[in-house]
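Structure record follows, encoded as structure tokens.
Letters go in sequence order (proteins before strands), and every chain restarts at 1. Basis for what follows: all heavy atoms, side chains included, without hydrogens, waters or symmetry-related copies.
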Amino acid sequence: MKVSAETNMPRNFDFAEAEPRIYEWWLKNGWFKPEAAAADAEPFVISMPPPNVTGSLHIGHALFTALEDLMIRYERMRGKAVLWLPGTDHAGIATQLQVENMLREEGASREEVGYEEFLHRTWQWKEEYGGEIISQLRRLGASCDWDRERFTLDDGLSRAVLQAFVTLWEQGLIYRGPRLVNWSPGLQTAVSDLEVESSEEEVTLYYFRYPVEGGEYLPVATTRPETILGDTAVAVHPADERYRHLIGRRAYVPILEREIPVIADEHVDMEFGTGALKVTPGHDFDDYELGQKHGLTLLNILNKDASMNANAGKYAGLDRYDCREQLWADMDAADLVIKTEAYTTRIPRSQRGGEVVEPMMSTQWYVRIQPLADKAIAAVREGRIKIVPERFEKIYFHWLENIQDWCVSRQLWWGHRIPAWYREKDGDPEGEIYVGIEAPTGDGWMMERDVLDTWFSSGLWPFSTLGWPQETTDLERFYPTQVMETGHDILFFWVARMIMMGLWFMDEAPFHTVYLHGLVRAEGGKKFSKTLGNAIDPLTVVDKLGADPLRFTLITSGTPGNDCHLDETRLDHSFRFINKVWQMTTFINMNLDGEVELGLPPRNDLDLSSRWILSRLHRLIANVQYLFNIYQYGEAGNQILAFMWDEFAPYYLEISKQALYQGSDAQKNIVRRVLVHVQDSCLRLLHPFMPFITEEAWTYLPRAGEALIMADWPQADSGLIDDEVEARMYTYLELVREVRNTRGEYKVDPGRRIRAIAYDKSKTRNLADNVEILRRLCNVDELILIPLNNAEPANAAGIVVGEITLYLPLEGMLDIAEECKRLAAEEAKLKQQLERSAKMLANDNFVQRARPDVVQRERDRMNELEAATAQIQERITSLCQ
RNA sequence: GGGCGAUUAGCUCAAUUGGCAGAGCAUCCGGUUUACACCCGGAAGGUUGUAAGUUCGAGUCUUACAUCGCCCACCA
């Protein structure tokens, strides 16, 4: 088929103009939708990790967009029915905090505006900022099916959440009850274990004396003196000689004088602190266990805002930290204080607010998680789900095997309200509980005010977004999805939950592969943060350089699972690569001159350099395919770049000028077809990395399809891969490098054309047929082949590569002494390499045990080195002695 | 206390089943060669954290150690 390309290609790629235009064009043609593929095409589905609705795009979003869009575009080009389903997450706590902050700035508060108005304001906020992140994703080129966009709080997904909750309830997997939870006093809600982050901090360890019946004292240490007020026992080790006599006696809570027992338990570490432990079951997870074991009273001394309650006696109403100070002063006055010392321990803080959380009794809703976890463990264990990189499987197992029941209720306003109703019974206002999708009939029912943990709804994401619990055609066709691509930081929060929920409700794993990327960090491994001012804003980069360089840099900067340190100089480099791709296309485009036959010319018509570039290209395609199969996208991108920039552009494009400018029509034709084939293949390979430039450049090549986004992914043709051709070409290129070097050393004007005289010892390799390589690459205008090496010219610099010797006559410029020095250096270099090869080949173990192809390669290398050494020695003999 | 990752050129990072350690940036030298100065040609730069081991051969596999980072865990 003969095709012509667009002409008048612009000198530069105007990304600011082109990117939005191309994006709209793709969108308008429906190419982002799975329906664009053949009706019977195999589906490929990725559920986008829904960004927080209030968030603005940061570099992490850009990374997942780049990676997922790469996978999506690759599979689309492979002809699959591709669905990348986008959406946003209502992000309970995060969003509520933002809106509360906004209200605070207005001088109002959540309580003041009231429940209804607060939700109204939050929805407004969502409408205003929720769209922003979506449009920012579009700027990056995300080829999502926007018609299927979802939001975790929209009607369909809310329905899915209710259904899931009610089903779990009916299966007896949800219970409600008082438990010690991590309480966030500022947010006034329970948070799950995962939402608590602890880090080492400098605190004070307070030593004091616990009065014991009989006038004795038990020394005790604590980091939280205010919890003394909630003590319901003091514990010592049963074998502790120091305190054994006190076991069973009464102790008196300092200041409050409340009576509590002295108990014995092996849990107490005799070595630590004083060897005696105060027990506060109401505000410490360890002590809670201990309290259960010993039947201790459980006393709550805190209000929901972490001020002291009535159980704190005269301290009631004080903030927890004020109380700590006050109580300690009072104890000091009562002569109960021993000492204080600096101490480092882990302080639990809320992941969101950063405030210190308090273990506190509270009635919450829980999911009995073990049955779900068992299925999730089995799915990975049996290989139905693979995690990339594999090492995260171990982390995944460890977490699931030690999992605690999931506290799913949050005392927030923004979220899915738990579908439970209470009615008074026997004086208990919550004596009767009803759980169901619809409100119960009858009078006196009050709906639960708590909402569900955000991750409860995100756990359903892979199927709720496809219509579940309704049996939609989308659900039928697109569940399970294929790859879940997300950050390793939410492996537990999200990935594990999706796996559990998917297996539980759909009876099938939600995806077969989990690809985990690392965190993007600033130079020096520092975390990006606005306060440090070192954040790279993806939108600023897009404004300045376009989306393509950002995407290419993010993908080629890291390896799966590892954090990557983003280096801004790489962004510039990617930008320049994009220009390079454009310029290469420009060159080909301007040399087309009308119609071009698509497809490669017959192999017999191809000269060495053409065979070489095709061999290199198809080797590249095979490598890229291999790397894609093992999710090594970064390496694939780098190899494509290296091929184009270091092989195709500097060598083949240059050599092709000989045919294009001076060749016959037939020669021009052949070269054009090769150029078009190689560049076309490269643009296809690059499209998933840099969709905009490649799509635009592609229109300037002769092509069969309408759009690159829908074009076929290249297939490696092993028939074109030719080791012999590559080796020959490599020799010539080595010669080129040596000629350039020598010219440089003798300060020959780079533009000056020179003659060369060659002696080619090998009969099969014909340098003369490939003189255009030397002509174009190192300005050797005329090549004279001599039949015997002893016909060497005087006043010439000698260059030896393998079996070829090349003389550059440098009339008048040659300094014999210099030349001899140069030759001696060359000889030394060769000798060193030769010794290495000889040593290896002299080793019988190597020859016998190494892979045959490795041995053969070494033999070939040694033969070349020997030939070269012989020739250079001849040259030294004749010139220098 | 357990587990994981990292350690490679001055800096940021690669290196596909073990087979001559590579890029970008920075440095040095030379270039307005009709696609590209957003470029081209050349150079320099390394005992792959340390010490052993396995192997014909180790950046890659094993063990120990060091430094940094992360995750998990109930020492007040």
Side-chain angles (χ1 to χ4, degrees), chain A residues 9 11-12 198 205 220-224 227 235 267-269 271-280 284-290 343 345-346 389 391-392 394-395 398-399 402 488-489 491-492 518-519 521 523-525 556-559 561-570 572-591 623 626-627 629-630 632 634-636 638-639 641-642 646 649-650 653-654 657 661 737 740-741 743-745 747 749-751 776-779 833 836-837 840 843-851 853-855 857-858 861:
Chain A
M9 187 168 176
R11 223 179 142 70
N12 285 300
S198 53
L205 187 57
V220 174
T222 181
T223 53
R224 296 186 295 157
T227 63
H267 167 79
V268 179
D269 182 352
E271 309 298 315
F272 188 86
T274 64
L277 174 68
K278 62 189 276 307
V279 186
T280 322
D284 186 286
F285 288 99
D286 281 345
D287 296 1
Y288 180 78
E289 297 277 314
L290 214 53
Y343 184 64
T345 192
R346 301 187 71 86
R391 62 186 147 89
F392 284 101
K394 210 169 156 181
I395 298 169
H398 182 261
W399 186 71
N402 296 285
H488 65 66
D489 53 329
L491 177 61
F492 306 144
L519 271 50
R521 289 171 178 280
E523 270 174 77
T556 54
S557 285
T559 45
N562 292 332
D563 293 353
C564 75
H565 298 183
L566 195 59
D567 184 349
E568 290 199 56
T569 64
R570 289 191 61 108
D572 292 326
H573 185 245
S574 298
F575 180 79
R576 298 209 310 274
F577 177 45
I578 276 147
N579 175 254
K580 188 75 186 176
V581 171
W582 187 260
Q583 296 306 333
M584 290 167 78
T585 314
T586 305
F587 169 77
I588 295 167
N589 176 274
M590 72 200 306
N591 284 292
N623 275 346
Y626 170 77
L627 291 164
N629 290 344
I630 58 169
Q632 298 280 349
E635 178 63 12
N638 284 326
Q639 287 198 13
L641 177 145
D646 302 337
L653 252 54
E654 288 304 321
K657 287 175 184 173
Y661 299 164
R737 217 170 53 80
R740 284 170 173 173
N741 251 327
R743 291 178 61 126
E745 279 175 46
K747 308 237 184 306
D749 182 347
R776 282 289 159 184
L777 298 183
C778 45
N779 255 332
Q833 291 173 24
R836 186 194 151 277
S837 275
M840 279 177 84
N843 185 340
D844 284 343
N845 277 321
F846 171 71
V847 176
Q848 280 160 26
R849 298 191 200 187
R851 254 186 7 233
D853 63 304
V854 174
V855 178
R857 202 162 52 208
E858 205 56 45
R861 189 176 298 147

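When the nucleotides B:rA73, B:rU16, B:rA35 are ranked by their closest atom to the side chain of A:L653, B:rA35 comes out on top. Nearest nucleotide to the side chain of A:T559, out of B:rA15, B:rC74, B:rG19: B:rA15. Distance from the side chain of A:Q583 is smallest for B:rA35 among the nucleotides B:rA35, B:rA15, B:rA14. For A:D567, the side-chain atoms get nearest to B:rU12 when compared with the rest of B:rA14, B:rA35, B:rU12. For A:H573, whose side chain is taken as the heavy atoms from C-beta onward, the closest listed nucleotide among B:rG24, B:rA76, B:rG5 is B:rG24. Closest to the side chain of A:T586, from the set B:rC71, B:rA35, B:rA15, is B:rA35.
In this structure, the separation between CZ on A:R11 and CH2 on A:W582 is 12.5 Å, given to the nearest 0.5 Å. One finds the OG1 atom of A:T222 at 4.5 Å from the NZ atom of A:K278 (value rounded to the nearest 0.5 Å). One finds the CZ atom of A:F577 at 15.5 Å from the CG atom of A:D572 (value rounded to the nearest 0.5 Å). Here the CZ atom belonging to A:F575 is positioned 7.0 Å from the CG atom belonging to A:N579, to the nearest 0.5 angstrom. Note that the CG atom of A:L205 and the OG1 atom of A:T345 stand 9.0 Å from one another [nearest 0.5 Å]. Here the straight-line distance linking atom CZ of A:R861 with atom OG of A:S837 works out to 5.5 Å at 0.5 Å rounding.
In this structure, the CE atom of A:M590 is 11 Å from the C1' atom of B:rC36, given to the nearest Å. The distance from atom CG of A:D853 to atom P of B:rG18 is 13 Å, rounded to the nearest whole Å. Rounded to whole Å, atom P of B:rC4 lies 15 Å from atom CG of A:N562. Rounded to an integer number of Å, the gap from CG of A:L519 to P of B:rG5 is 17 Å. We find that NE2 of A:H398 is positioned 10 Å from P of B:rC72, with the value rounded to whole Å. With rounding to whole Å, A:E745 atom CD is found 21 Å from B:rC28 atom P. Regarding A:R570, its CZ atom lies at a distance of 13 Å from the P atom of B:rU12, rounded to whole Å. One interatomic measurement links the two molecules: CZ of A:R836 to P of B:rC20, which rounds to 7 Å at whole-angstrom precision.
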With the sugar-phosphate defined as primed atoms, P, OP1 and OP2, and the base as all remaining atoms, what B/S/- string results for nucleotides 37-45 of chain B, 5' to 3', for protein heavy atoms under 4.0 Å? -BSSSSS--
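A:R861 comes within contact range of at least one nucleobase, with a heavy-atom separation under 4.0 Å. Counting non-hydrogen atoms under 4.0 angstrom, A:S837 reaches nothing in the nucleic acid. Here A:H267 lies in heavy-atom contact (under 4.0 Å) with a base. Base contact: A:E654 has a heavy atom under 4.0 Å from a base atom. A:L627 comes within 4.0 angstrom of no nucleic acid atom, judged by non-hydrogen atoms across all strands. A:D269 comes within 4.0 angstrom of a nucleotide base, judged by non-hydrogen atoms across all strands. Within 4.0 Å (heavy atoms only), A:T274 reaches no atom of the nucleic acid at all.
Pair check for B:rU48 finds none; no Watson-Crick or G-U wobble contact set falls under 3.5 Å. Across every strand in view, B:rU55 sits unpaired, with no contact that passes the Watson-Crick or G-U test at under 3.5 angstrom. Nucleotide B:rA37 is matched to nothing when pairs are restricted to Watson-Crick or G-U wobble geometry with both distances under 3.5 angstrom. Here B:rU60 sits opposite no nucleotide as a Watson-Crick or G-U wobble pair (both hydrogen-bonding atom distances under 3.5 Å). In this structure B:rC70 sits in a base pair with B:rG3, meeting the Watson-Crick or G-U test at under 3.5 Å. Using the Watson-Crick or G-U wobble rule with both distances under 3.5 Å, B:rG10 pairs with B:rC25. Of all nucleotides present, none satisfies the Watson-Crick or G-U wobble test against B:rU17 with each distance under 3.5 Å.
The separation of B:rG18 from B:rA26, taken at their C1' atoms, amounts to 33 Å, rounded to a whole angstrom. Rounded to whole Å, the P atom of B:rU60 lies 12 Å from the corresponding atom of B:rA6. If you take atom P in B:rU12 and the same atom in B:rC29, they sit 26 Å apart, rounded to whole Å. Nucleotides B:rA64 and B:rA21 place their C1' atoms 26 Å apart, quoted to the nearest Å. Here the separation of B:rA43 from B:rU47, taken at their C1' atoms, is 23 Å to the nearest Å. Taking the P atoms as reference points, B:rG45 lies 33 Å from B:rU62, given to the whole Å. B:rU17 and B:rA35: their C1' atoms are spaced 40 Å apart (whole Å). For the C1' atoms, the distance linking B:rG59 with B:rA9 amounts to 14 Å, nearest Å.
Between A:K747 and A:W399, the residue anchored nearer the 5' end of RNA chain B, judged by the nucleotide with its closest heavy atom, is A:K747. Both A:K394 and A:V847 lie near RNA chain B, and the one whose nearest nucleotide falls closer to the 5' end is A:K394.
Using a 4.0 Å cut-off, some side-chain N or O of A:Y343 falls inside it from OP1 or OP2 of B:rA76. Between A:Y661 and B:rA35, a side-chain N or O to OP1/OP2 separation shorter than 4.0 Å is present. OP1 or OP2 of B:rA76 lies within a sub-4.0 Å distance of a side-chain N or O belonging to A:T345.
The heavy-atom pair separating A:G518 from A:H488 by the smallest distance is CA-CD2, 3.7 Å.
For the pair A:D284 (side chain) and A:D287 (backbone), a donor-acceptor distance under 3.5 Å is present. Put simply, the side chain of A:R740 never gets that close to the backbone of A:C778: no donor and acceptor are under 3.5 Å apart.
Atom CD of A:Q848 is surrounded by more than 12 heavy atoms from other residues, nucleotides or ligands within 6.0 Å.
Between the side chains of A:N562 and A:T559, at least one donor N or O sits under 3.5 Å from an acceptor N or O.
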